[in-house]
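Keep in mind that the numbers below use all heavy atoms, side chains included, and drop hydrogens, waters and symmetry copies. Residue numbers begin at 1 in each chain, while the letters A, B, ... track the order of the sequences. Because the structure is a prediction, the values reported are computed rather than measured.
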Protein chains: 2
Amino acid sequence: MPPRSDSFTGSVWLRPPRAQTGQPTLSREQIVRAAMELLDAEGPAGLSMRRLGTKLGSGATSLYWHVANKDELLELAVDEVLGEIYVPEPGDTGWRIGASISANGMRSALLRHPWAIGLLGLHPTIGPNAMRLGERLVALFIAAGFRGMALSHATAVLNSHAIGAATSESAIKSALKRTGQTYEQIAEDVEPYLQRLASDNPNYEKWRQETGPMPNDPDQVLEETYAFGLERLLDGLELWLENNTGKPSGP
Amino acid sequence: MPPRSDSFTGSVWLRPPRAQTGQPTLSREQIVRAAMELLDAEGPAGLSMRRLGTKLGSGATSLYWHVANKDELLELAVDEVLGEIYVPEPGDTGWRIGASISANGMRSALLRHPWAIGLLGLHPTIGPNAMRLGERLVALFIAAGFRGMALSHATAVLNSHAIGAATSESAIKSALKRTGQTYEQIAEDVEPYLQRLASDNPNYEKWRQETGPMPNDPDQVLEETYAFGLERLLDGLELWLENNTGKPSGP
DNA sequence: AAAGCCACTCGCACAGTGTTCGAGCCCACT
DNA sequence: AGTGGGCTCGAACACTGTGCGAGTGGCTTT
């Protein structure tokens with residue numbers, strides 16, 4: 001595999017595929033799939049080229065024929081994650097529901113593969129699955145009435161919300177998973193630290209009173225938080241549509 | 001430094017500080033600051049314990065007296081990034097402006113230190129700076145009229161937007177920086193790939209027509225995208241306030 | 001049928017990583 | 001004067017990503 005050039009031309013997505021004869025024992029798809037399994041099972045630390053090689057029953061360096069380097073492998077894996085997201089066609093539902101389904105899909109795909117979250121900021125997501133996702137969303141928002149730059153912005157903010165929410169959620173879930181503790185146990189551990197901080201931060205007590213005691217099902221709360229934000233965001237987009245286009249927001 | 005236990009009690013933030021005598025040549029603050037400089041200058045790959053040691057004129061393993069491990073060092077660095085964010089007091093401005101300033105601050109802090117973005121999903125941000133940030137935002141939103149769970153959700157969605165937007169922005173900026181190309185050059189490189197994809201994705205052409213030609217100042221466009229989303233989000237929150245509290249949104 | 005090309009695999013080696021361990025230093029307190 | 005402990009550090013271990021060059025097998029061309 002030729003070394004990735006410094007110019008963008010060397011990107012996985014632009015590089016022409018390799019010629020092929022016979023039936024190679026390894027394939028790029030197979031490698032990416034196996035890498036995802038390792039990542040899902042053991043997190044980013046669980047993926048090394050050597051382990052991936054042995055998992056595939058081949059030498060570690062054989063992988064480099066099919067993939068330029070580990071970075072590129074991860075880029076491919078991220079696009080595969082995005083491939084799991086379903087976005088409805090404009091005719092199927094109204095834009096609000098379509099957008100919700102899309103954002104929900106992105107959030108849950110990222111939570112299913114939390115290792116992908118930390119990779120999103122590294123390379124622009126321009127793989128085929130990312131593009132398909134983008135184009136579907138654009139179709140949805142065109143049908144809603146968005147035009148010009150607002151179209152681009154609207155799709156971007158929807159994805160941003162899903163990514164940001166998934167990031168925050170993943171942080172908490174990873175702590176729960178890592179320590180193996182329940183939410184209550186952690187709350188108990190953190191309590192004295194919070195007490196100490198509360199003296200510096202007067203509003204903190206008020207906040208705790210407002211939100212009440214820590215719930216024992218964090219998953220549900222996290223989902224509520226995400227859903228609340230999504231509804232507010234969609235409300236804001238709808239409002240913009242009403243004020244900036246002749247028609248109301250549509251069916 | 002005692003090894004980080006698996007329970008949450010072992011977290012940097014909960015562990016009692018070390019006793020101290022004499023004047024040690026190294027300090028935790030110094031180490032974190034130096035680490036941030038390396039990260040800012042050369043990205044995540046630029047930070048190794050050995051390099052950090054030599055930068056501080058000390059042995060690499062000396063660092064382990066002040067910091068449990070590299071992971072914890074990064075956790076400290078992330079909180080330091082959050083410490084750069086200014087959030088106004090409720091009395092200073094209306095809640096909308098205050099929230100905007102806060103979100104802008106988070107976005108720019110993350111863009112100043114892009115390495116922090118990928119770390120946000122790893123551990124919950126409960127460092128002192130993160131807490132101060134949260135409490136300030138809570139104060140702002142209490143003044144706005146948010147109560148109960150909605151208070152918590154509103155602060156969360158604001159941060160999520162900033163994080164998500166910074167993630168997407170950072171992805172693009174890192175590509176520009178890495179290749180050293182201009183936006184136009186990259187667009188030219190990617191063009192044939194896009195043409196190929198366009199045949200599968202019919203709406204893609206429509207999208208390009210809508211958004212027009214690629215602008216030569218991506219920074220401005222990215223900022224616009226972020227700002228558009230923020231305004232929509234704040235609109236949505238304001239709408240919620242109007243429908244769920246007696247008072248209007250306030251001054 | 002022979003020859004050669006080329007897709008593909010892989011062992012070795014290199015430079016570098018995070019982290020542990022134990023030895024040591026030197027200051028503060030008894 | 002002596003001892004404890006905060007603090008530093010060198011050596012070592014297991015492991016990482018990856019370049020290089022040799023090797024192998026099947027297809028294509030002569």
Side-chain angles (χ1 to χ4, degrees), chain A residues 1-6 10 12 15-32 34-35 38-39 42-77 115 119 122-123, chain B residues 1-6 10 12 15-32 34-35 38-39 42-77 115 119 122-123:
Chain A
M1 185 125 290
R4 261 184 94 146
S5 121
D6 266 2
V12 215
R15 186 157 12 89
R18 304 207 74 125
Q20 184 177 328
T21 72
Q23 46 264 43
T25 64
L26 246 42
S27 82
R28 180 180 273 190
E29 295 79 38
Q30 193 189 11
I31 292 174
V32 173
L38 273 178
L39 288 165
E42 315 189 32
L47 177 66
S48 83
M49 298 306 263
R50 276 178 250 260
R51 286 199 57 183
L52 184 54
T54 61
K55 181 182 166 88
L56 289 165
S58 75
T61 56
S62 306
L63 307 171
Y64 285 89
W65 181 258
H66 305 271
V67 152
N69 48 36
K70 191 180 182 182
D71 221 46
E72 177 173 305
L73 172 58
L74 293 172
E75 215 173 331
L76 291 164
W115 46 267
L119 302 174
L122 266 47
H123 309 280
Chain B
M1 186 122 290
R4 259 183 97 147
S5 118
D6 266 3
V12 216
R15 186 158 10 89
R18 304 208 76 124
Q20 184 177 329
T21 70
Q23 46 264 42
T25 63
L26 246 42
S27 81
R28 181 181 274 190
E29 294 80 37
Q30 194 188 10
I31 292 174
V32 173
L38 273 178
L39 288 165
E42 316 190 31
L47 177 67
S48 82
M49 298 306 263
R50 275 179 251 260
R51 286 198 57 182
L52 185 53
T54 61
K55 181 183 167 88
L56 289 165
S58 74
T61 56
S62 306
L63 306 171
Y64 285 90
W65 181 257
H66 305 270
V67 152
N69 48 37
K70 191 179 182 182
D71 221 46
E72 179 175 304
L73 172 59
L74 293 172
E75 215 173 332
L76 291 164
W115 46 267
L119 302 174
L122 266 48
H123 308 280

Ignoring hydrogens, what is the shortest heavy-atom contact between [X] and [Y]? Give both atom names and the distance.
X: B:Ala35; Y: B:Leu52; answer: N-CD1, 3.6 Å
X: B:Met49; Y: B:Leu73; answer: SD-CD2, 4.3 Å
X: B:Leu26; Y: B:His66; answer: O-CE1, 3.1 Å
X: A:Leu39; Y: A:Pro44; answer: CD2-CA, 3.7 Å
X: B:Val32; Y: B:Ala77; answer: CG1-CA, 3.9 Å
X: B:Lys70; Y: B:Leu47; answer: NZ-O, 2.9 Å

Nearest to the side chain of [X], which nucleotide is it out of [options]?
X: A:Tyr64; options: D:dG19, D:dG17, C:dT9; value: D:dG17
X: A:Lys70; options: D:dC9, D:dT8, D:dG17; value: D:dG17
X: A:Trp65; options: D:dT8, D:dG19, C:dA7; value: C:dA7

Using a cut-off of under 3.5 Å, enumerate the N/O to N/O pairs linking the protein to nucleotides 22-26 of chain C.
none

Mind checking A:Ser58 for me? I need base, sugar-phosphate or nothing, with any heavy atom below 4.0 Å counting as a touch.
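Contact class for A:Ser58: sugar-phosphate only.
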
When we call it a touch if two heavy atoms are under 4.0 Å apart, what does A:Ala60 touch: a base, just sugar-phosphate, or nothing?
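Here A:Ala60 touches no strand at all.
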
Whole angstrom is fine here: how far is it from [atom1] in [X] over to [atom2] in [N]?
X: B:Asp71; N: C:dT17; atom1: CG; atom2: P; result: 17 Å
X: B:Leu38; N: C:dG18; atom1: CG; atom2: P; result: 11 Å
X: A:Leu26; N: C:dA7; atom1: CG; atom2: C1'; result: 13 Å
X: A:His66; N: C:dT9; atom1: NE2; atom2: P; result: 4 Å
X: A:Leu63; N: D:dG17; atom1: CG; atom2: C1'; result: 11 Å
X: B:Leu73; N: C:dT17; atom1: CG; atom2: C1'; result: 15 Å

Atom CD1 in A:Ile31, atom CG in A:Leu76: separation rounded to 0.5 Å?
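Here the rounded value is 9.5 Å.
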
What's the separation between atom CG in B:Asp71 and atom NE2 in B:His123, rounded to the nearest 0.5 Å?
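Reported value, rounded in 0.5 Å steps: 3.5 Å.
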
Once side-chain contact (heavy atoms from CB on, under 4.5 Å) is applied, do any residues pair with B:Ala60, and if so which ones, sequence neighbours excluded?
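B:Ala60 satisfies side-chain contact (heavy atoms from CB on, under 4.5 Å) with B:Arg50 only.
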
Residues in side-chain contact (heavy atoms from CB on, under 4.5 Å) contact with A:Thr25, at least two apart in sequence or another chain:
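A:Thr25 satisfies side-chain contact (heavy atoms from CB on, under 4.5 Å) with no other residue.
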
Please examine the side chains of B:Leu74 and B:Leu122, heavy atoms only from C-beta on, and report whether any two atoms are closer than 4.5 Å.
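The answer is no; the side chains never approach within 4.5 Å.
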
Want to settle it: does B:Thr61 or A:Thr61 sit nearer the 5' end of DNA chain D, counting the closest nucleotide to each?
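The residue mapped nearer the 5' terminus is B:Thr61.
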
Taking side chain to side chain donor-acceptor pair (under 3.5 Å) as the test, write out the residues that go with A:Glu42, two or more places apart.
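So A:Glu42 forms a side chain to side chain donor-acceptor pair (under 3.5 Å) with A:Arg51.
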
Can you list, by residue number, the residues of residues 44-55 of chain A that have a non-hydrogen atom closer than 4.0 angstrom to DNA chain D?
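By residue number: A:Leu47, A:Ser48, A:Met49, A:Arg50.
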
Output a table of nitrogen or oxygen pairs between the protein and nucleotides 27-30 of chain D separated by less than 3.5 Å.
none

